[in-house]
Every structure is written in structure tokens, then in C-alpha cells.
Amino acid sequence: MLDKQFNPATAEAEIFKKWQQNNLFAAQPQSGKPAFSIIIPPPNVTGVLHMGHALDNSIQDVLCRYKRMKGFDVLWQPGMDHAGIATQVVVEKLLAKEGKSRHDFGREKFIEKVWEWKEKSGGQIINQLKALGASCDWDRTRFTMDEGLSAAVRKIFVKMFKDGLIYKDKRLVNWDSKLQTAVSDLEVIQKETVGTMWYMNYPVENEPGRFITVATTRPETFFGDTAVAVSAEDERYKDIIGKNVILPIVNRPIPVVADEHADPEKGTGAVKITPAHDFNDFEVGRRHNLPMINILDVNARLNENVPAEFQGMDTMTARMKVLERIKELGLYVKEEPNPMTIPYGDRTGVVIEPYLTDQWFVDTKEIGRRALEAVEDGQVKMYPENMKNTYYEWMRNLQPWCISRQLWWGHQVPVWYGPDGHIFCEETELEAKIEATKHYGEETVLRRDSDVLDTWFSSGLWAFSTMGWPNENDEYLKRYYPTSVLVTGFDIIFFWVARMMMMSLYAMEEIPFKEICFHGLVRDEKGQKMSKSKNNGIDPLEMIAKYGADALRMSLLVQAGTGRDVLIGDSRVEAYRNFATKLWNSAKFCEMNDCKVAEDYHPAGVKLPMNAWIITKLSEAEKEISNAIETYSFNDATQTAYHFVWGVFCDWYLEMAKPVFYGDSETAKKETRSTMAFVFDKILGLLHPFMPFITEELWDKTAERSEMLMASNWPNVAEYENAVETRKVDWAINMVSAIRSVRSEMNISAGAKIKIRIQEATDEQRGLIGEFTQMISFLSRVEEIDFVTEPLKGAVSTVYDGMIIMIPLEGLIDVDKEKMRLTKEMDALSGFIERTLGQLANEAFVSKAPEKVINDKRASLAEAQDSMKKLQEAFDRIAGL
RNA sequence: GGGUGUGUAGCUCAGGUGGUUAGAGCGUUACGUUGACAUCGUAAAGGUCGCAAGUUCGAGUCUUGCCACUCCCACCA
């Protein structure tokens, strides 16, 4: 006996355990089945499940479950990212609570602390993914700091270094002064604001009274100025190019140089050049061999390269102080508001400073070109396709990738320095020492580079590092790489997708995945981005607790058209919880009516049209769902399934079955019981990828099964389709709808049994009505159907497929209401008739449109005119009362 | 500045290659019968398909222009 309702809170964990016990998640490399593989986008070890994960992993789970049922051997490779910055920040915060900093522990001890944290509190998200139903091969869970993955990182780094693709360079990078590390361009967020532009005068050397006015938004960088640039074409300044101006306060002479960077149209046409603190100025500095004076320390405070009174100031204080002094010197000109963007760190929210340091870079020119070509020539397909344009644009303007971070938690750069600074880049310290001994001719003390790598460097290797690489002979690597499809949000296309493409093509000489399915962002019910500041975040675990994982998955998937954003909120999830309940109740109906698949049952042999009909509808739904999943249109797939279950199976088939079950034909009952059970089983299969828990539960509770639903075959009933019977049942259904509509509009009480009289039915129609009398009567509460040759007085009428259907009401008719109803029906027709007559009278249309279109128009016109005539007659009859 | 989307019912969205009277879900309204389900059923109302031209016998669908909004990238002395 089925319970009154499904209780996800207790059932889901049990079901998940059973899947695990039956080892249904593990890939089966020896199975001989075709392989299908997905790597999970590794969530941060610090992460907790949010709606983005829920969507991303629901999609992957659908694909994996569907493919398994389709006969594939599936590897869904799970794992987590060590998330350098995020994790270090979490642990540092914990230490701060004890009043300590990482420096109190030192690097080694601190890293131990992080590992401790990871073992104790990290990776909660893994269990949360399980709550969602994710069918990953959990025993293969990997972590980007695992020994194997770390070995992969070292190997790639050394190889790239030796290939000249990784190099050290002193250049301007984005400096996060809170974390005291470099970050990549992608980790910087530009925010618009209105700042101020200040104008000030620099005296020209040896020409008393002459000044050059420069404009700046950052007066505090003033001490780093090493030139003023003007355009060579600018008449105002032509004569002082090559001369010096005096930098006020410090009275340092700096040259006036001609450079294309200076635009005569902008500002004053003269630009102060601060090579160590501005990306454009840096380039100008390189072009003119200007000194680069760094005036900031790692905390973004002014350093010893500025006059003592300014040292130690933060940039804002220094800015005001500089302006004050300029004013005192009488060199201040004016200021005006200036719209501008300011860079902030995406993790810390502090202002990012361009900062001159030694960093490690990846030369992306060559590997970027290959990654670009792999998409251009179609080796890697993207869904939706227009994501290619975004990818192309970025790949064609690739900048060197700054991969070093001045953190402790992460993959330490495998680089050692000799006493003279000579670089030894090897996978182990031992190898470095051996090389050093060779180089120096004696054993030498080496110092290891303290930098760690950008987290995305290791996640860039994820597609193959999780599969055993660098062991080229790993059976998983051989079998499941390249992976079948990558499922991810378009927000990390540059961070991760592009990097995986580059790194995989470099290391493996092969693409990491054949297809990429991009999905949109999850937003709240009103379509707003979820954020802490708006406090509109919705916790997937809360939704799962409230409505069940199946309901949450459905409500996400039902909107997951390729690339579209997904809106989530209580009312949406509730709707799919209701759907789950509907499914449960339909199972109860089956059980109550003793629906089981009889041993001698075969779907090809059904005799009742309604049974042939439901099998055909099932087949049509299956084809649509399969097709939609294969093209990543999860919205179509789920909507088709939803409509088939609720709108076809429950609303019509179960209702049609009732008169059969209450009737006295045992053969009809038997066939219908079997068919219903048969179709219901297939429904469980079709829904399983989307709603794995409730379907598995029903599968278990509705019959004795030799295997779990998850391990069963995807439904395929195409060979049992029966178009002829299906058309007949559809016709009867439409007739029921027509009768119901009249009843409802004429306020005939829902319970009342009515008689109907039909005029002008063809022989075929009479035959159909005869065949479906029981069903039509039951579903439209009709107790008597008769065919007549003369119209009835005192009846309400409608026209269906050319037949006049009349409901005699013997004086109870609300004449005005019936007149209104008929008028409304006729109005709808007359508009169409008029338009169509016009079209058919148009010679251009008749001569140019294809014959089929014209014939269809003529046919539907004739039908409409016929209905019109019959409705008009009904109207006239009623008007006479 | 470059790129990419979006604009269809109150809301959220479907609507290959142009062709009957433009659909769904939710919401709304009315009415609720029998024995799966009120987490339900039946029915109805609701749209000049962003605007304007153009191509065409015919445009939600194609072209051009415009308007509004989303997102991404770059720049901003």
C-alpha cells in the first residue's frame, strides 16, 4: 500500500543510500558500453550549496541519469577546488578570532591549519550535492591540492617553463593591498563613480613664469612622475619637447616627451607620466626608458621614495595633502567632477592598485591560438552557439596571464633560486638541487620561490588531472578523456573554460570536452540577481527541506533553456511539489484499481482505442523528451514530461479508464489495467532524470522489480504507435470538451446529467460516437445521446465538426444568455471568414500561394461558414422563444 | 567605444526553414459533481506579438532604422 503522500524528508536519504549500496554511481570502465563522461565544475572547498550549484548539478545529473538509462557507461567525475584566496581568508578569519594572524604560525604551520580546517569543516558541499541527488562517482572525488593533482600542476609548470611559456617579469600587476597579492585582470571589478579631475601647473625648467598644466585624477601618484607626455603634433607644446619641467614639492626635473599616448583633445593635452602606477604610463615609460619610481608599499601606503612628511600615508590622505601643498605653491589651477571607473578586488572589495612587482606569467599567445581554433573549426561545440562570439572576442585579445599569488595556501611555484638568482625550475627540490650542482659545479643552498599559483591554474588541468594524468596509461584517462560535455555557467567562461581549453590542448594535445552546455544565472522570483546586500538569496537546502529535491530540480530545469536565466522562489518550487503529489496520487489510483502488467500483456496487441492512444501519446512524449535532452533544452524536456503526465495521462487517460473500471467488460478492464501499469512504469522512467527520488520510490513500491529504476532502460515505445486509433480518441476528446464548454457557459449544474441530441452527423461520426458512447457520456455527464433529423426547440446548441449538438432544456433556458453565447461564437468565426474570403478573392494570393495553402484555406473557410450557418439557425430558433 | 542578448496575455516564458482563428504554466474569475488528488477538477476572461518603414499574395517569424532594457569586454591624463 502506498502511503497517503510522498515524504521527501525521510525517503530521499534512504533512496540515495540504496543507489550507493547498489553501486549505481560508479563508472564501469570494463562494461563494454559506450562511454559518456562529465567533469563537475569543482565547487570551492569553502563553498556551501547555492542555487547556481543546484542548477548546474541538476543539469549534469539529468544528463548522466539519462545516458545511463540509454545504455552508456557514465563517469561523472566529482571534486573540489582548493580556492586559494577564499580558503586562506576563511582560515585567517578564524585565527583572527583567537587574536592571531598567519604570521604567528609561519607558512608551514599555517598550511597545516588550513588542512585541518579542510578535513573538519571543508567540503560540506559534497553532502549537499548528494541531497540534490547528484549521481557522481563519489568514490573518485578529487581535490585540486591532492598529491596527484599537485603532481600534475608541477609537471605542467615545469614543462611550460622549459618551453618558454612561463616566465618571470617585472611589470605592473593588479595589486590587492588587503591580501597583499597580485590578482589577474579577471579578478578585478570595475565600478563606475564620479571622481574629481584636478589641474595643476608644473613649471618649465629655466623659463620662469612658464608652466605646463597637467590634469590628473590621482594627485597622490605625483611623486612617481618621471615625465610629462605631449603629442608631437601639439602646437602648444612643440617647443618644449625634450626640455624639462620641474616636479613641484620635490623639485625634480623631469623631461617632456612626445608620445602618442597624449591626446591633444583630452584634458590639457599634457599628461603626467607615472610609469610605476598606471598601465598606460607604464607603456610610455618603457617606450622612453623612463625611470619607474614605485611610491607605494604592499599595504598601498606611501613609501620611502616620497618626502618624509608623506611617508606612511594612505592614498586618500596623501591625495589631499599633495593638493594642499600644490595650492600653497600657487600651482593649483582648478578641479572638476569626472565620471570614471575604479578597480576593486572581487574577493576583498578594496581598491586595486597597479603595482610594480616580479610575477610569473603564462604567455598565452600560442596556447590561446590553439584554444581559439578548436572552437572555430567546430571540434568543440557550444550551446547556445552565440557563446562562441564571447569566447572569440576574449581569445583574440588575450593578455599574458599573471599566475603568481603572494599567498600561502595553494600550489607553490616549483622554482628554486641559486645564490646568484639563477632559476632552477624542476618538479622536485631534489631535481633542482641536482641541476644546481651541475650548474655551479658544487652543492649549493637553494631558496624556493615563495609564490603560489592562481587557483585557476590547477582547475585549468581539471579535465585530465582528475583522470590520473600524468600517468598516461591510466585507464580512466584513456577511456573518459576527452569528456563528452562540460556543463557550466557563462560567468566563468574566461576564468575556467578558456583556461581548460588552453591547458588541455597544451598538455594533452587534445580538447578537454566535445561540447559545452552553458546555462544562465539563477535569480530570485522577481528576476533580481541574488546578493547578500539585497538579502534575497534563496537557500537550495531550505527548498529541498520544504518541498523535496525533486521539486527544486524540476523548478530549475523547467526554465533551463540554453543560456537563459532561471528564476526561483517558493511559488515556483511549490508548483512542482504539487506535480510530485499529482504523480503520487496517480500511482495510488493505479494501485486502487489493481493495475499491474499482466504476464501475457503486450502493448502491440491492445484492442481498446484509448489504450492505443495513451501508448502513442507516451511515445510522442518520449521522443520529444529525448530530443530535448540531447540538445540541452531542459525546459522543453521537463515541460513535455509535465504536460504528458498531468495534461494527458491524469486528465484524460485516468478519467477515460474510470468508466472501464466501473463497467462490466472484464477483457477491457484487464487490458486497461495492464496498459495503465505499463504506461505508468514508462512515465517513471521518463521522469527519473529530472525527479530521481519520487520516481525511484514509486518504482520500488508499485511492483516487484529486478533492478532499481536508475539502472533500468530508457523507455522506448515508438514501435507501438497507432495513428488511426489515436485520431479517433482525439476526436472524442474534443467532442467532450465542446460539450463541457457549453454546459459550463450555460450554467448547467456540474452534477446534472443531460441528454444530447445530434443532428447532421455523418455515418463515420455516428460510428465514432457509438464506439465512444461510454467515454463521452461519462466525461461530459451525458445520460442519453440520440440522433435527430430536425432541430429541437428549447435547446442550447453548439457545432462540433459539422454536427449540431443540442442540449434540450425544456423551458429552463436563459434565452438571453444563449443568444450572447451564440453571438460570441459567431463573432469569432465571422472575423476569420471575412479575412479568408478577402484572401481568396485576392488574385495575387490565389495565383502565387502554394496549392496546399489555398486548399487548406478553402476547407477551413467552408467549415467555418457551415458552422456559422448552423449557429445562426440555432440563434434564430432561440430568438423565437 | 566594442561585443552579445532581450522586448509576445497581469507574471514567467514557448513560438525550425514566413502560410488555418498566436500557445503553455502560474495568477485572475465562475462553477464544483463520482470512489487518485482541494497540493484537486471543469470552464472562461485576458494579446493592435516594443515602435516605424520595407520585402512578400501573405510577417510574431525576413530586411533596415529607431526606442527601451540585460549582460560581457575595453578605455577613461
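In what follows, chains are A, B, ... by sequence order, proteins preceding strands, each numbered from 1. Just so it is clear, the values below take in all heavy atoms, side chains as well, and ignore hydrogens, waters and symmetry mates.
One can place NZ of Lys4(A) at 10 Å from C1' of U39(B), the figure rounded to the nearest angstrom. Residue Lys817(A) contributes atom NZ, which lies 13 Å from atom P of A44(B) at whole-angstrom precision.
Residue contacts for Trp646(A): at a heavy-atom cut-off of 4.0 Å it reaches the sugar-phosphate backbone alone, with no base atom in range. Using a 4.0 Å heavy-atom criterion, one finds that Glu574(A) contacts no nucleic acid atom at all. Within 4.0 Å (heavy atoms only), Lys272(A) reaches no atom of the nucleic acid at all. In this structure, Gly751(A) reaches the bases: a heavy-atom distance under 4.0 Å links it to at least one base atom across the strands shown. Using a 4.0 Å heavy-atom cutoff across all strands shown, Tyr662(A) reaches at least one base atom of the nucleic acid. Nucleic acid contact for Lys658(A): base, since at least one base atom lies under 4.0 Å from a heavy atom of the residue. Across all strands, Cys650(A) comes closer than 4.0 Å to base atoms (heavy-atom distances).
Residue Trp584(A) places none of its side-chain N or O atoms closer than 4.0 Å to OP1 or OP2 of C40(B). Applying the 4.0 Å criterion to OP1 and OP2 of A45(B), one finds that Lys824(A) has a side-chain N or O inside that range. Between Ser741(A) and A44(B) there is a side-chain N or O to OP1 or OP2 distance below 4.0 Å.
If you check U39(B), A36(B), U12(B) against the side chain of Met592(A), the one that comes closest is A36(B). Listed nucleotides: U33(B), U42(B), U4(B). Nearest to the side chain of Arg740(A): U42(B). Nearest nucleotide to the Asn842(A) side chain, out of C57(B), A14(B), C40(B): C57(B). Taking every side-chain heavy atom of Tyr642(A) into account, C26(B) is the closest of G32(B), C13(B), C26(B). Closest to the side chain of Lys582(A), from the set U70(B), U12(B), C37(B), is C37(B). Listed nucleotides A43(B), U12(B), C72(B) differ in distance to Arg572(A); the shortest reach to its side chain belongs to U12(B).
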Give the B/S/- string for nucleotides 16-21 of chain B, one per nucleotide from 5' to 3', where a protein heavy atom under 4.0 Å of the base yields B, of only the sugar-phosphate yields S, and otherwise -.
-> ---BBB
Give the intermediate values and the outcome of side chain to side chain contact (heavy atoms under 4.5 Å, CB included) for residues His519(A) and Val566(A).
-> CA-CA 9 Å; His519(A) 57 252; Val566(A) 168; over 6 Å; no
Could you check Tyr237(A) against Thr268(A) for side chain to side chain contact (heavy atoms under 4.5 Å, CB included), going step by step and ending with a plain yes or no?
-> CA-CA 11 Å; Tyr237(A) 305 115; Thr268(A) 62; 4.1 Å; yes
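The side chain to side chain contact (heavy atoms under 4.5 Å, CB included) with Cys590(A) is formed by just one residue from the set Lys596(A), Arg673(A), Met676(A); it is Met676(A).
In this structure, Tyr383(A) and Tyr632(A) have perpendicular ring planes: the angle between them is above 60°, well past the 30° mark.
Not a single donor-acceptor pair, N or O on each side, falls under 3.5 Å between the base of A30(B) and the side chain of Glu745(A).
Pair assignment for G54(B): C62(B), on the basis of Watson-Crick or G-U wobble contacts that are both within less than 3.5 Å.
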